[in-house]
There are 2 protein chains.
Amino acid sequence: MSLEPVDIGLLGLGTVGGGVVHVLARNAREIARRAGREIRLLRAAARDPAKRRAEYPGLTIDGDPFAVVDDPRVAVVVELIGGLEPARELVLRAIANGKHVVTANKALIAQHGNEIFAAAEARGVTVAFEAAVGGGIPIIKAIREGLAANHIEWLAGIINGTTNFVLSRMRERGESFAAALAEAQALGYAEADPTFDIEGVDAAHKLTILASIAFGVPLRFDRVYTEGVAQITEDDLRYAETLGYRIKHLGFARRGPDGVEMRVHPALIPDRCLLANVDGVMNAVLVKADAVGTTLYYGPGAGALPTASAVVADLIDVVRSLTTDPTNRVPHLAFQPSAIDDAPALDIDAVETAYYLRLSAEDRPGVLAAITQILGAEEISIEAVIQKEPPAGAARVSVILLTHRVREARMRRALSAIEALDGVHGPATRIRVETLA
Amino acid sequence: MSLEPVDIGLLGLGTVGGGVVHVLARNAREIARRAGREIRLLRAAARDPAKRRAEYPGLTIDGDPFAVVDDPRVAVVVELIGGLEPARELVLRAIANGKHVVTANKALIAQHGNEIFAAAEARGVTVAFEAAVGGGIPIIKAIREGLAANHIEWLAGIINGTTNFVLSRMRERGESFAAALAEAQALGYAEADPTFDIEGVDAAHKLTILASIAFGVPLRFDRVYTEGVAQITEDDLRYAETLGYRIKHLGFARRGPDGVEMRVHPALIPDRCLLANVDGVMNAVLVKADAVGTTLYYGPGAGALPTASAVVADLIDVVRSLTTDPTNRVPHLAFQPSAIDDAPALDIDAVETAYYLRLSAEDRPGVLAAITQILGAEEISIEAVIQKEPPAGAARVSVILLTHRVREARMRRALSAIEALDGVHGPATRIRVETLA
């Protein structure tokens, strides 16, 4: 880590900008261990610099974003102000100044990306835009690099969290469209003016980008057929369910023999599909490609920290390209070899999980009490018990116990004692429970 | 595309090797459009060269893999012979010869990766191993690059297709473990000797790799706690379901304050989780990280073409690093700017989908017949009809129709005619149906 830090200039200190500042500070050490170099926030521009200076003491904050873009010390400009202008002008000026750019601006990329990328290629700099689609899901990287061996046939995505939240609430709670939208706004999932989300414009921006990187065609936002969700009723959601479907607001792109199909609209999808089960503000993109088949990428599609995750991943990519031997850009084990950390591997006895236990026990009073007493002595609390009545004539029952979390060592001791009980036969079946929360 | 092709040497022409040959040939043009350079299979080594020469006419095939590794024209060696030796010796020799290596060998990376990566770093070459975990899912790339801004807290994966297939069949069909395993073998999803899969060794290899790249710790296969699936019974699957869970064979790794936890074992997971709904031979990895939150990556975990997808993606990464300006390694829109293809964007009228229609119709004879006649005249066939009885006293019913696929233009014409019918009131609700298959 003897290399100089790379200096970053940030345009915009709103929700996502604040998230980027937070992630860069909190994960500074892990980021440097991966990138091989410190990523330093040199200066930022915000609409209300005085207020932001109070929030981020120590950070140089200007009111003029062009001052950041023109600062010769800034190597990478992060554009988070959104909208078309002055974002376009700022990005083009940063490129002209020889700076790399990271942006989360889907409208800018979808509508002016062809111009911006041509300028970047002419100047030999990178414009990275992972955060423009799918929030924190590394979907751009997955399609552009992970699936690079494939002919991509089609992709379908839930790429707008607001509409997905509204449709999920309508289905789960039988709410009207208006009530679900009001709730999304109250929870901060929808803008005060949700037109771009509800009418599908935001999803169309994202689909434009996905179609382009999947099929190798120019960005053509004006050719995306776009329908919103406002006409969907609770009745439609119910009828769809009766027919074995869920209604989702989908972005869909397909490369066929006659050309590229790009459309954003509500769609019924079979309820057994994983995509049908992506609810709330989560996003997911399903990609069908000739070699790999079907892959799916799922995660939070918006929010300060998820979006910052994608922005900072792009920063690390750019910084790595400035830093390391180009033939060895990404460290084999993700972190620079000198930064591999020899943390101990825990012994299984020290691991804590909940448990499912199945015992074969005699069907007489006192056996279950003896079992629960042993568990209690090891401070293992029980969440659920199923005792299955024995078949006629049989004297043994299956006792199924679901426990709360406990250290493996305690469970092992308890099970030895339980298996030694007079009324318990054979070894217990013991399966760990993971709530994945 | 004026650069010389990059020459590849392939070790192993079994299932995956054959898949790599196929993908390189079939997608040669798209691969070159992305990589900016042709990837050329120069020579290969196989155990039975005469037989393989007949299968791949024109390809130079040796019996001796060291001849490939020592060929000075070979820039990248693809190791697909599997097992520890001679794979380890071949990979180390390729590295010593200054060649980059791409491998799908999870056992080799999990057990000898520390040594191999140290040799590669000393020699300035890359050893790429995306295909070692999760088949065609770009999970190594997602964690190593896509989530690089994050402190990763834990990950949980269904990373062995054989055990997942067996548990899925047992649950869906009430089959015994032995019957489900026999079926997996008959379908080619399990090896003749399925020990490594069933006892969790294969999953432990993969978990070793995932834990290392997630947490920045060395590869420590010997510290993974490993349990197989053979003790799971149909009863357990049923009881778990009663309790609201599914049983999956999971790899789980967590970085805690006391160290790293790595374990492979069956686990109950809540049935509402996406991971619980990953069935058959599919794999999925759920990653919990501090900035992005929860993301999930899903796809085929094995098979010739999915694995080849990952191998060739690694090849493209390596070739890009040999080729382009290092500050601009991956093209902005995935394909080299000169290779962007101006395919037409289809008009929505030319798009074909199935439809859900909801109409408000008078509850009298002849109306439904008139509707279906109009649809028939446009060659729109009907898959399902729901006619909802009107509430007492109401004269209108909701008619819901599910159609087969048809061109948008035909549906538009049909709907105009239907909306003009005497017994139909107001505009129809029309939602497209996507089966995503």
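Please read these numbers as outputs of a predicted model, since none were measured by experiment. The chains referred to below are lettered A, B, ... by the order of the sequence lines, with proteins before strands, and numbering in each begins at 1.
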Can you confirm whether [X] sits close enough to [Y] that some side-chain heavy atom of one is under 4.5 Å from a side-chain heavy atom of the other?
X         : Y         : answer
Tyr298(A) : Tyr298(B) : no
Pro218(A) : Asp341(B) : no
Glu145(A) : Glu145(B) : yes
Ile400(A) : Thr242(B) : no
Pro300(B) : Thr295(A) : yes

Of all of [options], which one pairs up most often with chain B through heavy atoms under 4.5 Å apart?
options                                    : value
Gly135(A), Gly259(A), Ser398(A), Ser309(A) : Ser309(A)
Asp290(A), Asp347(A), Leu305(A)            : Asp290(A)
Tyr245(A), Phe252(A), Tyr225(A)            : Tyr225(A)
Asp236(A), Thr294(A), Val312(A), Asp258(A) : Asp236(A)
Pro138(A), Ala240(A), Gly216(A), Gly146(A) : Gly216(A)
Ala313(A), Ala343(A), Ala384(A)            : Ala343(A)

Looking at every non-hydrogen atom in both residues, tell me the closest pair between Ala345(B) and Arg223(A) and how far apart they are.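 What the structure gives for the nearest pair is O-NH2, 3.3 Å.
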
Nearest heavy atoms of Leu333(A) and Val217(B), plus distance in Å: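 It is CD1-O, 4.4 Å.
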
Between Ile269(B) and Thr435(A), is the side-chain contact (heavy atoms from CB on, under 4.5 Å) condition met? List the steps. CA-CA 6 Å; Ile269(B) 56 181; Thr435(A) 52; over 6 Å; no

I'd like to know if Asp235(B) and Arg358(A) make a salt bridge, using a cut-off of under 4.0 Å between side-chain N and carboxylate O.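 Here Asp235(B) does not pair with Arg358(A) in a salt bridge, since their nearest N and O are not under 4.0 Å apart.
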
Salt bridge or not between Arg220(A) and Asp342(B)? Use side-chain N to carboxylate O under 4.0 Å.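 Yes.
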
Derivation of the side-chain contact (heavy atoms from CB on, under 4.5 Å) call for Leu436(B) and Trp154(A): CA-CA 9 Å; Leu436(B) 305 177; Trp154(A) 53 261; 4.1 Å; yes

Hey, which of [options] has the most heavy atom pairs under 4.5 Å with chain A?
options                                    : value
Gly19(B), Ala310(B), Ala267(B)             : Ala267(B)
His22(B), Met282(B), Arg26(B), Arg272(B)   : Arg26(B)
Arg255(B), Glu383(B), Arg254(B)            : Arg255(B)
Leu402(B), Leu296(B), Thr233(B)            : Leu296(B)
Gly136(B), Gly303(B), Ala142(B), Ala334(B) : Ala334(B)
Val224(B), Val127(B), Ile137(B)            : Val127(B)

Contacting moiety of [X], where chain B heavy atoms sit under 4.5 Å:
X         : result
Ala437(A) : backbone
Ile39(A)  : neither
Ser212(A) : both

With rounding to the nearest 0.5 angstrom, report the CG to CG distance, Leu274(A) to Leu275(B).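 So the CG of Leu274(A) and the CG of Leu275(B) are separated by 9.5 Å.
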
If I take atom CD1 from residue Ile431(A) and atom CD1 from residue Ile247(B), how far apart are they, to the nearest 0.5 angstrom?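 Ile431(A) CD1 to Ile247(B) CD1: 4.0 Å, rounded to 0.5 Å.
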
What part of [X] lies closer than 4.5 angstrom to a heavy atom of chain A: side chain, backbone, both or neither?
X         : value
Ala350(B) : neither
Ile232(B) : side chain
Ile386(B) : side chain
Ile109(B) : neither
Ala276(B) : neither
Thr307(B) : neither

Quick one: salt bridge (charged side-chain N to carboxylate O under 4.0 Å, His left out) partners of Glu227(B), sequence neighbours excluded?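 Only Arg430(A), Arg432(A) meet the salt bridge (charged side-chain N to carboxylate O under 4.0 Å, His left out) criterion with Glu227(B).
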
Apply the test side-chain contact (heavy atoms from CB on, under 4.5 Å) to residues Leu268(B) and Tyr355(A): give CA-CA distance (whole Å), side-chain angles for both, the deciding distance (0.1 Å), then the verdict. CA-CA 8 Å; Leu268(B) 277 73; Tyr355(A) 288 87; over 6 Å; no

Strictly by modelled atom types, are Asn150(A) and Asn27(B) linked by a side-chain donor-acceptor pair under 3.5 Å?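 Note: Asn150(A) and Asn27(B) side chains miss the donor-acceptor criterion.
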
Between Phe117(B) and His332(A), what is the ring plane arrangement, given parallel below 30°, perpendicular above 60°, and tilted in between?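 If you compare the ring of Phe117(B) with that of His332(A), the planes turn out parallel.
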
Under the criterion side-chain contact (heavy atoms from CB on, under 4.5 Å), I'd like the reasoning laid out for Phe335(B) against Phe215(A): C-alpha separation, chi angles, the key distance, then a yes or no. CA-CA 9 Å; Phe335(B) 296 78; Phe215(A) 308 130; 5.9 Å; no

Testing Arg263(A), Lys288(A), Lys248(A) for salt bridge (charged side-chain N to carboxylate O under 4.0 Å, His left out) with Glu434(B), which one passes?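 Only one of Arg263(A), Lys288(A), Lys248(A) forms a salt bridge (charged side-chain N to carboxylate O under 4.0 Å, His left out) with Glu434(B), namely Arg263(A).
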
